[in-house]
A.B. asks: 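Before I ask anything, here is the structure I am working with.
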Amino acid sequence: VGAEEHLGRLALGDLPEAEETLRRAQETGVDPGFAAFQRGRVQFAWRDWIEALERYEEALELGSPRVPVRDIHFEMATCHINLEEYPEALDHLEKSLLPGERAAPVSFYRGVCALGEGRVASALALFRE
């Protein structure tokens, strides 16, 4: 079974089966970085932010031609936001951008971090951006 089978399972909300499919795929060596990243997505769907972060860190270590490093950093940022770890989230948001790039989702989540830190005026400016 390929790692892609999990996408259907994840879409159907069958998280235990999606996780098991990815675990088996990872054990067989099918792009282990991709499988680790997708396992992070399953854990995120379960709202297990810490486990999701562990899977994303594993994906960074393993690497994958199918998953850009910046995508992994973006997902890690959203986990840290859910854990109210705003400095860590901001660090990963920065790593999710190319030099000089501006992206609406990153500005939004920067605003969420600012708001979480009580910096309302900064949050509003980032939301407007």
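None of these values were measured; they are calculated from a predicted model. One is the number of the first residue; the rest follow in order along the sequence.
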A.B. asks: In sequence, state the C-alpha distance, the side-chain angles, and the governing distance for Leu60 and His73, and then conclude on side chain to side chain contact (heavy atoms under 4.5 Å, CB included).
C.D. replies: CA-CA 9 Å; Leu60 279 176; His73 283 293; 3.9 Å; yes

A.B. asks: Find the distance between CD1 (Ile50) and CD (Gln43) and round it off to the nearest 0.5 Å.
C.D. replies: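 The CD1 atom of Ile50 sits 11.5 Å away from the CD atom of Gln43.
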
A.B. asks: Taking atom CG of Leu98 as the centre, does the number of heavy atoms from other residues, nucleotides or ligands within less than 6.0 Å exceed 12?
C.D. replies: yes

A.B. asks: Are the aromatic rings of Phe74 and Tyr109 close, with centres under 6.0 Å apart?
C.D. replies: yes

A.B. asks: Using the test salt bridge (Lys or Arg N to Asp or Glu O under 4.0 Å), find all partners of Glu94 that sit at least two apart in sequence or belong to another chain.
C.D. replies: Arg110

A.B. asks: Report the distance from atom SG of Cys79 to atom CD of Glu88, rounding to the nearest 0.5 Å.
C.D. replies: 12.0 Å

A.B. asks: May I ask you to say whether Arg70 pairs ionically with Glu75, meaning some side-chain N is under 4.0 Å from a carboxylate O?
C.D. replies: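 Salt bridge: no.
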
A.B. asks: Taking side-chain contact (heavy atoms from CB on, under 4.5 Å) as the definition, give me every residue that meets it alongside Ala36, ordered by chain and number, with sequence neighbours left out.
C.D. replies: Gln26, Glu58, Ala59, Leu62

A.B. asks: Name all residues meeting the side-chain contact (heavy atoms from CB on, under 4.5 Å) criterion together with Glu61; count only those two or more places apart in sequence or in a different chain, and write none if there are none.
C.D. replies: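 Applying side-chain contact (heavy atoms from CB on, under 4.5 Å) to Glu61 gives none.
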
A.B. asks: State plainly whether one hydrophobic cluster holds both Val106 and Ile81, where clusters connect Ile, Leu, Val, Met, Phe, Trp and Tyr through side-chain heavy atoms under 4.5 angstrom apart.
C.D. replies: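 Linked within one cluster.
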
A.B. asks: Where do Tyr86 and Val112 come nearest, in terms of heavy atoms and distance?
C.D. replies: CE2-O, 4.3 Å

A.B. asks: Taking Glu54's backbone N and O only, do any of them form a donor-acceptor pair with Glu57's side chain (distance below 3.5 Å, no angle check)?
C.D. replies: no

A.B. asks: Which heavy atom of Pro65 sits nearest a heavy atom of Asp31, and at what distance?
C.D. replies: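 That closest heavy-atom pairing would be CD-OD2, 4.0 Å.
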
A.B. asks: Going hydrophobic residue to hydrophobic residue with side-chain gaps under 4.5 angstrom, can you get from Leu53 over to Phe34?
C.D. replies: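 Hydrophobic grouping puts Leu53 with Phe34.
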
A.B. asks: Can you name the residues that form a salt bridge (Lys or Arg N to Asp or Glu O under 4.0 Å) with Glu85, not counting sequence neighbours?
C.D. replies: none

A.B. asks: Asp91: which residues meet the salt bridge (Lys or Arg N to Asp or Glu O under 4.0 Å) condition with it, sequence neighbours left out?
C.D. replies: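 Asp91 satisfies salt bridge (Lys or Arg N to Asp or Glu O under 4.0 Å) with Lys95 only.
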
A.B. asks: Could you pull out all donor-acceptor pairs under 3.5 Å where a side-chain atom in residues 117-129 meets a protein atom, sequence neighbours excluded?
C.D. replies:
residue	atom	partner	partner atom	Å
Glu117	OE1	Arg119	NE	3.1
Glu117	OE1	Arg119	NH2	2.7
Glu129	OE2	Ser107	OG	2.7

A.B. asks: Please step through side chain to side chain contact (heavy atoms under 4.5 Å, CB included) for the pair Ser96 and Asp71, ending with a clear verdict.
C.D. replies: CA-CA 6 Å; Ser96 74; Asp71 289 356; over 6 Å; no

A.B. asks: In Å, rounded to the nearest 0.5 Å, how long is the span from CG of Leu83 to CH2 of Trp49?
C.D. replies: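 Answer for the CG-CH2 pair, Leu83 versus Trp49, is 8.0 Å.
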
A.B. asks: Which atoms form the tightest heavy-atom contact between Ser64 and Gly33, and what is the distance?
C.D. replies: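 So the two residues come closest at CB-C, 3.9 Å.
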
A.B. asks: Apply side chain to side chain contact (heavy atoms under 4.5 Å, CB included) to the pair Tyr56 and Arg39, showing each step before the final yes or no.
C.D. replies: CA-CA 8 Å; Tyr56 293 141; Arg39 287 180 72 195; over 6 Å; no

A.B. asks: Same cluster or not: Phe37 versus Val69, using hydrophobic residues (I, L, V, M, F, W, Y) connected whenever any side-chain heavy atoms lie under 4.5 Å apart?
C.D. replies: yes

